[in-house]
2 protein chains.
Amino acid sequence: MSADRTQVIERLRSHGITPTQQRVEIAQVLFARHQHLSADQVLTQVNARDASVSKATVYNTLGLFAEKGLLREVIVDPAKVFYDSNLDPHHHLFHMDSGTLEDIPVSQVNVDRLPDLPAGMAVEGVDVIIRVRRSGAPTVYP
Amino acid sequence: MSADRTQVIERLRSHGITPTQQRVEIAQVLFARHQHLSADQVLTQVNARDASVSKATVYNTLGLFAEKGLLREVIVDPAKVFYDSNLDPHHHLFHMDSGTLEDIPVSQVNVDRLPDLPAGMAVEGVDVIIRVRRSGAPTVYP
DNA sequence: TTGGGTGCAAACTATTTGCATTCGA
DNA sequence: TCGAATGCAAATAGTTTGCACCCAA
């Protein structure tokens with residue numbers, strides 16, 4: 001369930017990131033597969049393996065990875081940021097009941113190109129988020 | 001710059017909300033025009049007028065208004081929630097430099113209908129957010 | 001009157017920061 | 001070696017909550 005150590009190190013290097021022990025630990029968890037994790041979940045999973053990484057380092061590292069383009073930040077829940085290890089262009093389905101995210105292939109939602117932006121503005125990203133919940137009970141996840 | 005008191009009261013009533021003094025104060029600020037305000041900005045503007053409303057009441061009231069369909073919550077900034085008094089369907093442009101929001105008419109961004117959802121799931125909302133920043137300097141707003 | 005609404009302050013949670021220590025190249 | 005990275009704990013900021021008091025109906 002964890003990505004190959006050597007591959008991960010190479011990947012960090014190729015993005016200009018010094019592969020320290022804890023960064024590699026974190027990367028192995030994140031890049032094991034496509035997933036959406038909060039900083040807290042990353043902290044838990046990383047420390048469940050073996051190594052001990054501090055909370056501050058997890059936050060710093062996630063921020064760094066996102067900045068360097070290794071992760072995509074997904075902002076759907078006012079309570080916390082999700083980090084998405086799937087870098088292919090795609091959209092998101094947010095399950096309000098469980099507070100979990102699901103990917104939607106771009107092929108399934110077509111966004112006809114953007115409006116003309118004010119001059120001197122560059123698009124940093126386009127997020128499409130579909131919020132769903134179980135139809136019957138309007139439960140709020142705890 | 002503030003909506004008519006009587007109209008506001010009527011609007012609250014029609015949504016099943018008891019029009020108390022502070023709720024009316026808050027509503028007058030919000031519904032004066034289409035805008036995107038954070039809880040903190042609402043607090044400041046309300047108390048700049050005259051009345052004194054507590055921070056807790058502002059949060060409670062904004063949450064209530066959103067729940068009753070008088071406001072739309074916009075989640076774009078991990079730091080805070082924006083409340084949008086424009087209820088017409090529309091999308092958002094987020095200026096990362098200034099941390100401000102701008103509306104985009106639906107006519108300018110076409111989302112070809114949604115993917116088939118898991119059974120028993122209802123769509124609560126679809127958010128399209130275009131993040132832009134000044135092209136030259138990758139400044140982060142303070 | 002009387003239960004919902006409000007204010008205040010304290011509690012919480014996610015995230016950031018300062019600084020001394022440790023580690024990668 | 002030496003600057004970058006880490007850990008820890010304390011600081012922040014937005015938001016929520018508990019509880020006594022107050023007001024709309």
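Nothing here was measured: the structure is a model prediction, and the numbers come from that model. Chain naming here is simple, since letters A, B, ... match the order of the sequence lines and numbering starts at 1 in each.
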- prompt: Are any of the side-chain nitrogens in A:Arg5 or A:Glu10 under 4.0 Å away from the carboxylate oxygens of its partner?
  reply: no
query: Quick one: do B:Lys80 and B:Asp40 make a salt bridge, cutoff under 4.0 Å?
result: no
Spacing of [X] atom [atom1] relative to [N] atom [atom2], expressed in whole Å:
| X | N | atom1 | atom2 | result |
| --- | --- | --- | --- | --- |
| A:Ile26 | D:dA5 | CD1 | P | 13 Å |
| B:Leu43 | D:dT16 | CG | C1' | 15 Å |
| B:Glu73 | D:dT15 | CD | P | 9 Å |
| A:Asp40 | C:dT16 | CG | P | 14 Å |
| B:Lys55 | D:dG14 | NZ | C1' | 8 Å |
| B:Ile9 | D:dA25 | CD1 | C1' | 14 Å |
| A:Leu12 | D:dA5 | CG | C1' | 13 Å |
| A:Asp77 | D:dT16 | CG | C1' | 15 Å |

On the nucleotide [N], are OP1 or OP2 found under 4.0 Å from the side-chain N or O atoms that [X] carries?
| X | N | answer |
| --- | --- | --- |
| B:Arg23 | C:dT6 | yes |
| B:Gln21 | D:dA24 | yes |
| A:Gln22 | D:dG7 | yes |
| B:Arg13 | D:dA25 | yes |
| B:Ser54 | C:dC8 | no |

- prompt: Which comes earlier along DNA chain D counting from the 5' end, the contact point of B:Thr20 or that of A:Thr18, where each point is its nearest nucleotide?
  reply: A:Thr18
message: Considering every strand and a 4.0 Å limit on heavy-atom distances, what is the contact class for A:Pro19: base, sugar-phosphate, or nothing?
response: sugar-phosphate
message: Could you walk me through whether B:Val106 and B:His91 satisfy the side chain to side chain contact (heavy atoms under 4.5 Å, CB included) test, starting with their C-alpha distance in whole Å, then the side-chain angles of each, then the deciding distance to 0.1 Å, before giving a yes or no?
response: CA-CA 6 Å; B:Val106 277; B:His91 304 308; 3.9 Å; yes
Shortest non-hydrogen contact from [X] to [Y]?
| X | Y | result |
| --- | --- | --- |
| A:Gly69 | A:His15 | O-CE1, 4.1 Å |
| B:Gly99 | B:Phe82 | O-CZ, 3.4 Å |
| A:Val58 | A:Ala39 | CG1-O, 3.6 Å |
| B:Thr100 | B:Phe94 | O-CD1, 3.5 Å |
| A:Leu43 | A:Val53 | CD1-O, 3.3 Å |

task: Decide whether a cation-pi geometry holds between A:Arg72 and A:Tyr83; the criteria are a distance under 6.0 Å from NZ or CZ to the six-membered ring centre and an angle within 45° of the ring axis.
output: no
query: Which of parallel (below 30°), tilted (30 to 60°) and perpendicular (above 60°) describes A:His36 and A:His92?
result: perpendicular
- request: Estimate the overall bend of the helix from C:dT1-D:dA25 to C:dA25-D:dT1 from the end axes over five pairs each, rounded to 10 degrees.
  value: 40°
field: Proximity to DNA chain C (any heavy atom under 4.0 Å), residues of residues 58-69 of chain A only
entry: A:Tyr59, A:Asn60
